[in-house]
Structure formats: C-alpha cells, structure tokens
Engineer: 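Sharing a structure with you now.
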Amino acid sequence: MKDEQFNNRNVSNEYFLVDIEDYPTEPWDKFKRVVKRTFRLELFVGLWVVMREFFKFEIHTVSYPEEKMPIGPRYRAIHEMKRLWESDTERCIGCGLCEKICVANCIRIETKRDENSRKEVSEYSINLGRCIYCGFCAEVCPELAITHGGRYENASEQREHFTMYEDMLTPLDTMKVGNQLEFEGFGAITPHEDERVKKTPLAY
Amino acid sequence: MVNFKINGISVKAQKGETILQVARREGIYIPTMCYLAKATPNASCRMCVVEAKGVDGLVLSCNTPPTEGAEITTDSQILYKERQNIMKLYNVNHPLQCGVCDKSGECELQNKTLEFGVEQQNFAVRDQARKKKKWGVHTYDPALCILCEKCTTVCNEVVGNEALFIKAGGYKSRIEINLANCIQCGECISVCPVGAMASTDFKYTSNAWELTKVPSSCAHCSSACSLYYESKGGEIRRVTNEADFSSLCGAGRFGFDFQNRVQTKDTSAFEKAVEAFKSAKNVVFNSFITNEEAFVLNELKKKLGFNLVNDDARKYQEFMDNFASTSNKSLYNGDIKDLSNSDFIISIGGSIQSDNPMVKFAMAQAVGYKKAFVASIHPIEEAPISNVVSMFIKNEVGSEEAALSMVADIFIEDKSSQKEFFDSLDFGYLCGESNISEEELDELKQKYLRKKKPMLVIGEDVINHSRAKNIAMIVGLIQKYTPFKVIVVPPSTNTLGVSLICDLDKIEDGFSVGYNVKADFTLSAKGEGDLDMPSLNQQEGTFVNIDKNLVVLNAGVAYHGYELNDIASSLGVESKNVIDYTSKLGFKEIEFDDLDNYYDNVGNAYRGYKIESVKNNDSVKLDEVEELGEFNGSVVYSRNPLSQFSPFTKDCKQIKVKDELVGSEQFAMASKIKSGDRVKFIVDGIEFVRHFRVDRHMKGTVAYNPTFMLDSKSSNYRYNQVKIEVINE
C-alpha cells in the first residue's frame with residue numbers, strides 16, 4: 001500500500017470558474033430555456049463526450065474489484081490482532097480495556113489462567129454488526145495488540161466470518177517472513193518515542 | 001471523653017478510640033494501606049501519619065489515642081510529601097502488570113499511587129527472583145506483595161488459625177504458610193490491598209469493573225454473613241465482602257456456584273405440583289429457606305390443612321419454648337459481637353471447629369483481644385482449635401444434661417426458684433457419669449473470678465438431645481440468674497426464622513410433598529426433583545440469623561423457572577412477589593425494599609432489624625437429671641467437615657472436602673478397620689457406605705460421619721452407636 005499521494009497535502013489554488021448562466025426567474029425566460037434545451041439536442045453532446053473518451057482509451061475509473069484504491073494507514077476497517085515480533089506470540093494480554101471502552105459494546109473477552117499460571121485469552125469476539133469502527137479499542141490497547149486493518153469488504157454470508165479471533169490474528173507464515181504491518185493510527189507509537197522515555201534510576 | 005480538634009473541627013473521642021477511628025467516624029479522610037478496622041493496627045505502612053500541634057515529628061493515627069485539647073492536621077504539604085514517598089517506596093520493583101493483574105481497578109496501591117501523584121521513581125534496589133505459590137484456594141505472588149501484614153493479622157487475630165506468617169529477611173521478606181493450619185477461608189484474599197493474595201479459581205478470569213455486585217447474605221449457615229455476589233455473563237464469578245469490617249468462612253467465599261440452572265418453565269410439572277399440594281398430607285422442608293417462603297408454606301398449611309414438617313426447626317422451636325419458660329424471654333440474649341467481646345466462654349454441645357465458623361472466629365477474637373478463657377464441654381478434643389480453646393472438658397457422650405446442670409450449679413447464686421432441682425444434684429454421681437472431674441469444675445470456677453463478660457454457647461447436640469426439655473430450662477435459668485449471655489446456635493441457615501414463623505407438626509403416614517427434601521413429590525433447587533425451584537442465591541427474601549437479625553437476601557443470578565410463590569398463588573395464597581410477605585412476617589412491618597443492608601464508615605452493620613424478645617411470666621419446675629444409656633463400642637458423630645453444610649455446598653467446585661468417615665487410630669483399632677477401608681453402617685435408619693480415613697490428630701473413640709450430602713438434616717442426637725461392617729472388594 002502506497003501513501004505518497006496522501007502525504008502531499010499542498011492543495012493548489014488553481015481554481016477556474018465554470019461559465020454558468022444565471023437561473024431564469026421570469027416565466028417567459030423559463031419557457032425560452034425549455035425550448036432552447038429541447039432543440040439544441042444537449043443529450044448528444046454528452047454522448048459525444050463519452051464516445052470520444054471511449055475510443056481514446058483514457059479510463060478514469062478504478063476497475064474494482066480487480067483494482068483497488070490505496071487506503072491510508074489511519075483507515076479504520078476490520079480489526080487485526082498483532083503478534084510480537086520477538087516471539088511470534090499474541091500481543092493481547094487480556095486486560096479487557098477494549099471491552100470496557102467499546103462504545104458499541106461489541107467486544108467480548110473471556111480470560112483464564114493457563115498452565116504456566118499466566119493470563120490467557122480464552123475467547124475474543126467482535127460483533128461487527130454492532131461495531132461502529134470508532135477506533136477506541138485500538139487507541140486504548142496498551143500493547144498495540146488490537147488495531148484496525150485495511151480490509152473494508154464486509155460482505156459475506158455470515159458476519160462471524162470476520163469475528164474469529166484466529167482470523168484477526170496475523171497468520172504465522174506472514175509473521176515468519178516479517179510481513180506484519182504496524183498500525184499507524186490512533187494509539188500507535190509516535191516517532192522518536194524511545195528518546196522520550198524516562199528511565200528509572202538504578203542506584204546499584 | 002476526650003475533646004480535641006481534627007483539621008480545626010472539634011471532635012470527641014471515646015475511651016480507647018484512636019485518632020483514625022474518630023476521624024473515620026466524623027467522615028474525615030486519612031489514607032491508610034495496612035489498617036484493618038476489624039483487627040489491631042499493624043502500623044507497618046505509616047500512611048496514616050498526621051501532624052499534632054506541639055509534637056515533634058509525625059504521629060501514627062491508627063494506634064495513637066488522642067489527648068485532651070490536641071490539634072491534629074490530616075493534610076498538609078509535609079504529609080503529602082511523606083505519603084508520596086511511602087508510595088514511591090511501595091512501587092520499587094512492583095511489577096508493571098496492571099494490565100493482567102486481577103486487582104487492577106480495585107487496587108489500593110494503584111489508587112494511592114495516583115492519589116499521591118507518583119510520577120517519578122527516585123528509589124531503586126536490585127530485584128530478585130520470587131516464586132509464585134499455590135496454596136489451595138489461594139495463590140500468593142511475592143513479587144506483588146507489599147508486606148502490609150494484613151493477611152497475617154487477619155489469619156492470626158480474626159480467624160485464629162496462625163497459618164500465615166512473615167518470613168523475615170529484609171528485602172527478601174515474604175509471607176509463608178503453615179498449610180496444616182489453613183482452613184481455606186480466603187480471608188487473606190479479601191484483605192489483600194494488592195493482587196498478591198488471589199483466589200486460584202477466580203484469578204485472571206475477570207476484571208473488577210466487569211462484575212455486577214449484588215449485596216446479599218450467605219445461605220450456608222446460621223451466621224448469614226453479609227457478602228456480595230459478583231457476577232458476569234449470568235454466572236457468579238466470585239464472592240467478596242466488606243473485608244474491613246466483616247468476615248466470611250470458606251463456604252461463604254467459595255461456595256457460590258450452587259444455583260439452579262433451569263432455563264425454562266416446565267408447565268406440566270408445575271400443574272402436577274399444584275395437584276400434589278392439594279392432595280398432600282405432609283409438606284416436608286428444611287431450614288435452607290427464606291422467611292417469606294416459610295411464611296407462604298405456613299399460609300398454605302392454614303388453607304389446605306396439611307402437616308408442615310421440619311424436624312430441625314421444630315426441635316429448635318421446642319427448645320426455645322422450654323428455654324423461655326425459665327428465662328422468661330423468648331430469645332437468647334447474646335450475639336456474635338458479644339461473643340467476640342467476652343472474656344469467659346463456655347461452649348457445650350457443639351463442634352466449635354465446624355458447626356458455625358463465625359462462632360469460632362468470634363472465640364478466636366475473644367481470646368486474642370480480651371484474653372478470654374474458653375472452655376469446651378464436648379466428648380471430642382478437637383486438635384485444630386486447641387489454640388482457641390483454653391480447656392477441653394471431655395464429657396461422656398450423652399451426658400450433656402449432667403454437665404450443664406453442674407455448670408448451672410456453679411454459676412447460679414440465687415437458687416431459690418429451683419431449690420428442689422439444685423438440692424437433688426449429686427455431684428459425686430454426676431461427675432462419675434459424665435466423666436467430668438470436680439477438679440475441672442473447680443478450675444472453671446477459679447477462672448471465672450474477676451471475669452466481666454461471660455458467654456454460654458449452646459450447640460446443636462443439646463437441642464437434639466433426648467433430654468432437651470430439661471436442658472433448655474437449665475439454659476434459661478443460666479440466662480436469667482447469672483451474668484452469662486447465652487447463644488443457642490441455630491443448626492441450619494434459617495432454623496431460627498422458621499421456628500419463629502411456622503407452626504410445625506410431626507410427620508404422619510400419607511402423601512408427602514418435599515421442598516428440597518426427597519419425598520413423593522419433590523420440589524428441588526438442585527434440579528433433582530419433580531419441579532425445579534430457585535436456589536438461595538437466586539431468591540429475594542430474608543433470614544433470621546444467629547444475631548437474631550432479620551437480614552436481606554438478594555438474588556445473585558437470574559432464575560428462569562417457577563418458584564414456590566407461583567404454586568401458592570395458584571392455590572389461593574396470592575401475591576405478586578414473594579417479598580410482599582416481608583412486612584407480614586410478624587416481626588416489624590417494614591417492606592423488603594426499605595430494609596438496610598450496609599456498613600457505615602466505622603463498621604457498624606445496618607442489616608435489616610433486630611428481632612425483639614417477648615417476655616412471659618412462666619414459672620416451671622425442672623425435672624431431676626436423668627442419665628442416658630451408655631454409648632459403647634463404635635460411636636459416630638454426625639458432624640460435617642469444615643466448609644460443608646448442606647447439599648448446596650457439596651456441589652460447589654471449590655469446596656473439595658470429601659464425605660468420608662474420619663476417626664482416630666484408637667477408633668480404627670476398636671472398630672477393627674484401617675485407613676482406606678470401605679465401610680458400611682446404619683445411622684437413624686440411613687445406610688452409609690463410606691471410605692474410612694485415620695486422622696492422626698484425632699483422639700478418642702468417636703468418628704466423624706458427615707451428613708452434608710443428605711437433603712434433610714437428621715434432627716436426632718448426633719452421636720450414634722453403630723455396627724461397622726467392612727465391605728472391601
């Protein structure tokens with residue numbers, strides 16, 4: 001996904017004015033406009049433009065779904081659960097803050113104690129039918145575990161297809177080749193964060 | 001009375017009150033970390049320091065009584081800095097795992113760290129590896145521990161178990177346990193200000209803010225302690241309490257998952273139940289019932305004319321009637337608070353260890369705080385409570401009447417009203433029969449000198465004794481003519497309430513309907529009967545507890561089936577909700593919704609209302625003491641193990657005490673059985689098949705045979721002579 005075009009925010013001032021006549025107000029003027037439009041065959045003017053562009057092969061639309069527009073890193077589509085770079089294990093610690101902050105009340109998380117007596121997420125689901133994609137969950141997540149992804153196509157036979165924890169989790173093979181994308185939206189680490197961390201003094 | 005000022009406000013202190021207690025009473029905030037209102041101050045955190053005018057340095061408000069005219073300041077810049085530094089020190093190497101910690105959201109360390117604006121850490125020390133421990137129902141994480149000593153204090157002073165202790169070693173100090181002493185009550189979990197002591201079952205399953213809190217009362221024994229059911233997703237996840245002021249035993253804290261999980265209303269079974277009530281000769285129920293439902297049954301009895309049977313409550317009712325005939329008061333005059341404040345306690349007829357945990361807790365507190373002398377008149381010397389009981393007086397099984405009459409003779413000075421009875425007492429004969437020596441009685445009398453607040457605790461064994469009538473009258477005499485305060489411990493949760501509300505009969509032959517008791521047609525809260533009923537954590541209602549308080553019970557989880565009120569409504573005893581009867585019980589006309597259920601700042605409980613004693617002017621003569629037949633051979637004592645009270649506690653997954661026959665080596669030898677044997681015997685017509693286990697700490701020739709798994713409590717004398725048969729395969 002390329003985002004150069006979004007980074008250019010210098011909107012030019014090169015506006016030009018379209019020559020539009022004033023709207024008629026008098027009944028006689030209105031009648032004149034109707035007669036003029038009827039006999040000038042404006043329909044064929046439009047058709048001519050289409051035919052001209054058609055034969056010139058200058059296509060201005062995106063041929064979805066073969067072709068997709070690049071979307072910005074802060075776009076908020078279906079959630080993703082990220083893995084740790086170091087160990088490939090899940091980042092989610094099961095703190096439940098996303099569940100607490102969710103304004104649509106669509107996140108449900110169940111945790112338990114695993115065999116190493118650590119906290120483990122036993123069930124995680126997002127009801128995408130209720131989700132309003134506000135991004136609070138990604139913002140509140142202390143581990144950058146839940147983020148929004150770029151997958152915006154929500155059409156499916158069943159909503160559950162999108163809410164499985166396993167589906168949201170970065171696949172291990174993607175992880176192995178190092179293709180996990182970091183989220184740059186709300187809650188993400190800002191640049192130069194390392195330099196701003198205050199270190200605990202160690203007197204020993 | 002001491003007059004002094006806190007922050008310029010004039011306040012008064014009672015004798016013995018500390019500055020902190022006065023401040024809390026007056027609503028002035030002093031932060032604390034290690035202070036526990038129900039125990040003596042630890043003075044380990046130093047958070048509660050205050051400034052006193054004219055005094056150099058800071059004063060610990062938790063253990064300093066005010067002096068006349070003192071001027072105390074509770075918040076100043078110096079105090080803020082001091083407290084901030086304390087919080088910084090607590091935070092040294094405290095793991096930054098609030099995200100996964102259970103305590104997050106209700107953590108004292110978290111709260112006070114934010115309160116005192118700890119933004120920077122200027123202290124450091126090298127951390128060390130600390131191992132997590134699992135001690136049954138609770139786990140201990142030394143890395144999270146701040147060594148406030150609340151858990152050890154509560155274990156030693158309030159519970160009286162001396163299981164937890166501090167293994168001192170400077171920065172390496174940690175809490176250790178003597179597991180043999182631990183009764184798995186979980187009091188340490190409830191007082192822990194951080195996540196160091198956590199419930200093994202609850203750990204990492206929910207955050208504090210996700211749980212819905214419902215204030216209610218415990219349904220397992222007659223103490224009916226105040227508790228909160230905390231649920232999430234339609235399941236109770238844990239039980240908490242006002243740990244600063246009240247206590248819970250293991251059954252209350254961990255025995256909460258006994259709800260009836262029925263999902264629908266079974267209409268055909270309901271119709272059959274209505275028919276069954278119409279044709280019933282007997283309606284049998286037990287005392288694990290609310291006052292309101294007992295009242296409904298009593299109304300149904302008036303309408304339909306069946307026999308209302310509850311032997312447990314009937315025996316208690318008879319006992320209290322006979323008690324009232326000599327004491328001239330319908331109720332006993334002591335309560336648990338009196339017990340914990342008393343300095344001389346005699347317990348007779350009950351197992352201190354397991355019958356009512358709050359009685360034991362109160363005795364431990366009396367011993368700890370008031371240096372009380374506790375004498376237990378009981379045939380079995382219970383080793384686990386030897387740190388509470390100062391003197392075991394072992395009587396012969398069945399001789400409680402003789403023992404109590406001698407106690408009465410020692411302590412009653414004005415014997416004129418029952419002259420014939422006291423004249424007829426032959427100490428030589430009684431001592432011989434009951435196996436209590438005159439030296440023991442002399443010692444008891446000796447220890448009584450200069451004691452101001454004596455208590456007499458009457459247990460279940462004398463209520464169900466064949467000579468209960470005379471015993472009750474003796475107890476009545478003791479209450480009337482001595483400074484002794486008396487508690488007659490109700491055997492089940494609401495025995496006292498049922499005995500006050502219902503008009504009870506003996507069972508007759510014929511069709512019986514059982515409510516939580518197996519009968520021809522059974523209504524069961526355990527889902528085993530013909531029609532499902534809500535269990536006690538799914539009902540609204542009230543109990544009358546051991547303190548004679550009418551306490552409120554709220555529903556912890558939802559229930560989807562029919563309840564007794566629906567049956568009664570279709571039989572003509574109509575009301576919309578069962579709690580409509582609360583004001584009609586015959587005590588005080590207060591609606592259910594107007595009943596209090598809270599603790600104030602100082603720890604005074606406002607739970608329902610006290611039921612007043614009714615006076616009478618009877619004068620009845622006592623019978624002479626009669627001796628029972630001897631109990632020889634193998635004797636079993638139907639006493640439940642710790643934390644087990646009823647079939648409801650039996651199915652709770654965290655209470656793991658098994659139903660096995662437990663006896664001493666002496667008992668094993670006398671009965672010719674050995675540990676691990678499968679044995680068969682008959683008690684009260686019920687055949688028990690049990691595994692036998694030898695407990696090396698036990699003495700004597702009486703074995704424990706638990707009965708908590710039986711739906712109806714046998715209300716016979718709990719000691720039985722049995723023939724034990726080994727049925728190993």
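Quick note on labels: first sequence line is chain A, next is B, and so on, each numbered from 1.
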Engineer: For the interface with chain B, which of K112(A), E143(A), E120(A) has the highest count of heavy-atom pairs at distances below 4.5 Å?
Structural biologist: K112(A)
Engineer: Under 4.5 Å, counting heavy-atom pairs only, tell me which of G94(A), S117(A), C95(A) racks up the most with chain B.
Structural biologist: C95(A)
Engineer: Report the option among D201(B), N207(B), T200(B), V100(B) that has the most heavy-atom pairs separated by less than 4.5 Å from atoms of chain A.
Structural biologist: V100(B)
Engineer: What heavy-atom pair brings H148(A) and C137(A) nearest, and what distance separates the two atoms?
Structural biologist: NE2-SG, 4.4 Å
Engineer: Picking from Q97(B), K132(B), E210(B), which has the most non-hydrogen pairs under 4.5 angstrom with chain A?
Structural biologist: E210(B)
Engineer: Determine whether the aromatic ring centres of F256(B) and Y229(B) lie less than 6.0 Å apart.
Structural biologist: no
Engineer: Are K68(A) and E153(A) within salt-bridge range, i.e. N to O under 4.0 Å?
Structural biologist: yes
Engineer: Which answer fits E99(A), side chain, backbone, both or neither, if we ask what part of it has an atom under 4.5 Å from a heavy atom of chain B?
Structural biologist: side chain
Engineer: Which residue is it: E82(B), M47(B), E115(B)? I am looking for the one with a side chain to side chain contact (heavy atoms under 4.5 Å, CB included) to M87(B).
Structural biologist: M47(B)
Engineer: Do the side chains of R237(B) and E235(B) get close enough for a salt bridge, i.e. N-O under 4.0 angstrom?
Structural biologist: no
Engineer: With only heavy atoms counted, which part of R118(A) is less than 4.5 Å from chain B, the side chain, the backbone, both or neither?
Structural biologist: backbone
Engineer: Between Y133(A) and H79(A), how do the two ring planes meet: parallel, tilted or perpendicular, split at 30° and 60°?
Structural biologist: parallel
Engineer: Considering only heavy atoms and a distance below 4.5 Å, find which of I109(A), L97(A), D114(A), I93(A) pairs most often with chain B.
Structural biologist: I93(A)
